[in-house]
Amino acid sequence: MPDDARKRALRSSHWFGKIDRDGFAHRSWMKNEGLPQHLFDGRPVIGICNTWSELTPCNAHFRRIADHVKRGVYEMGGFPLEFPVMSLGETLMRPTTMLFRNLVSMDVEESIRANPLDGVVLLMGCDKTTPALLMGAASCDLPTIGVSGGPMLNGKFRGTDIGSGTNVWSMSEDVRAGKMSLADFMDAESCMSRSAGHCMTMGTASTMASMVEALGIGLPTNAAIPAVDSRRYVLAHMAGRRIVEMVREDLRMSKILTRKAFENAIRVNAAIGGSTNAVVHLLALAGRVGVKLELSDWDRLGHDVPLLVNLMPSGQFLMEDLYYAGGLPAVIRELGKLIHKDAMTVSGATMGENVKNAPCYDRKVIATAKEPIKEKAGIAVLRGNLCPDGAVIKPSAATPKLMKHRGRAIVFETIEELHQRIDSVDVDESRVMVLKGAGPKGYPGFPEVGNMPLPQKVLKKGVTDMVRISDARMSGTAYGTVVLHISPEAAAGGTLALVKDGDMIELNVERRRLHLDVPETEIKRRRAAWKPPAAEFDRGYARLYVDHVLQAHQGADLDFLVGKSGAPIARESH
Ligand code: FES
């Protein structure tokens, strides 16, 4: 250990190092857990922030991961203490886990700051658990490592690989089109999710696990090792070892999460065909650490990046295949000059050093930059009178011929109205489906409903995609020509609120344009007559959220959570 690190009193010493009544209280009650005296001798105390919950199936194996982190911490002379925070299970929570992302970030931030911790390991898996923990920890800025829980093994259904989410969307549309029986659909249920872990497509969980690695806040290979592969537990063990060293090196989050790290992450997101949700989460995370990142950066930095990873929903394979092909290090290495190689990472080495010898074992899964799966795969940011503050579309998951389209709107004021009418509406595939009231304030919580099901009449013709626009998000596992995150949202008085059935809408992704082709005088008339929706919540967290949530282009954080307060030691409790 360097001398200056030895001399620097650790944060935890303000609790456990006191030889007085308060020190007695801080140590004595901890000893009821069977912790011996020598653990309170001034060694680094490492918090293991755990989102384990049986209500979050993607994170249900996390107690075992925590045990392996502890082995590494003990091995390096640290003192691990596991603590729970609220967990967010994507498949069960209503109205949407996104409503609670910021709440969990507060839980994480306050739990870290209030306790005698010197460093933190974040255990993250299901979609929102990753940004929530990163955001909360970033506002404290202690040395921190992210450990993802890993994806499930590939789904296997009647001899075919099926992917979480992606095949739920495709098979449920097949049932509605009369191409698959309901009994077969139900049979696929247990074949899709057959091991511990999170969605194994390049959905939001896999995207965010990749962002953890690309930002340098997780160890190399964090993104893709399956949850049940023994090497996932080795990674957890190594993270436990490394976090103790990071405390001694004072390698804080803010030294890792620099502008260069975010630029690397944006480019990696394009190369992997990552989720549009990464846009919102990374904007919010950048806001916490004080890095100036804007929606337009996603287009500017990611636009020319080729799609290298052939995973659903943009491609064919699944996360297990990505790991066997070389994982994210092989992808980052392939990006060459597009990556800031000098960005520091939690491994103690730079990004360039981490990936310089990363091999690729399967070019069907990870393509070369010279022969990519698609050119220019980055998320496109649209502007126009329908989205003056921006909207996004994922070109790699869209239908090329629909990227330039003019069509008349068919409008759904709510998602419930859509579900009620979608099988009876008499429209053809040239129409533009418009959904309102699904933004941060409107739902509330900004749910993943933007990939609206198509009208049955259209599906029965064999059509599989239509232009769909909304202020919602969509699952990272979903696909289609789907414009999302329209800002300002309808509930905040955005132009989206004023669209009527039959209005002409123009989408031109190449020109980055989304336009409501209605005379300005008519738009003004409609705006003057528009009334905001009545407030639905008069108390509780939902009220706090609706009053303070920022719009999509700002990351949908709560306005008073932007920035960081560090981890100063508060006054004594007794
Ligand atoms: Fe948890 Fe997809 S439902 S990651």
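Atoms within each ligand, like the ligands themselves, are counted from 1 in listed order. In this text the structure is predicted, and so the values were computed from the model without any measurement. FYI, side chains are in, hydrogens and waters are out, and symmetry mates aren't considered; it's all heavy atoms of this structure.
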| task | Kindly indicate, with the supporting measurements, whether the criterion ring-ring contact (aromatic ring centres under 6.0 Å, His included) is fulfilled by F412 and H419. | result | CA-CA 9 Å; F412 303 95; H419 287 308; 9.4 Å; no

| said: V309 and side chain to side chain contact (heavy atoms under 4.5 Å, CB included): which single residue from V268, L322, D321, L328 fits? | reply: L322

| task | May I ask you to decide if L484's main-chain N or O and R468's side chain share a donor-acceptor pair within less than 3.5 Å? | result | no

| request: With atom 1 (Fe) of ligand 1 as the centre, enumerate protein N/O/S atoms below 2.8 Å in chain and residue order. | output: C58 SG, C126 SG

| request: Measure the shortest side-chain to side-chain distance between F446 and K441 over non-hydrogen atoms and say whether it is less than 4.5 angstrom. | output: no

| Distance-minimising heavy-atom pair for T481 and T399 | OG1-N, 3.0 Å

| said: Going by the rule salt bridge (Lys or Arg N to Asp or Glu O under 4.0 Å), which residues pair with R71 if we only count those two or more places apart in sequence or in a different chain? | reply: none

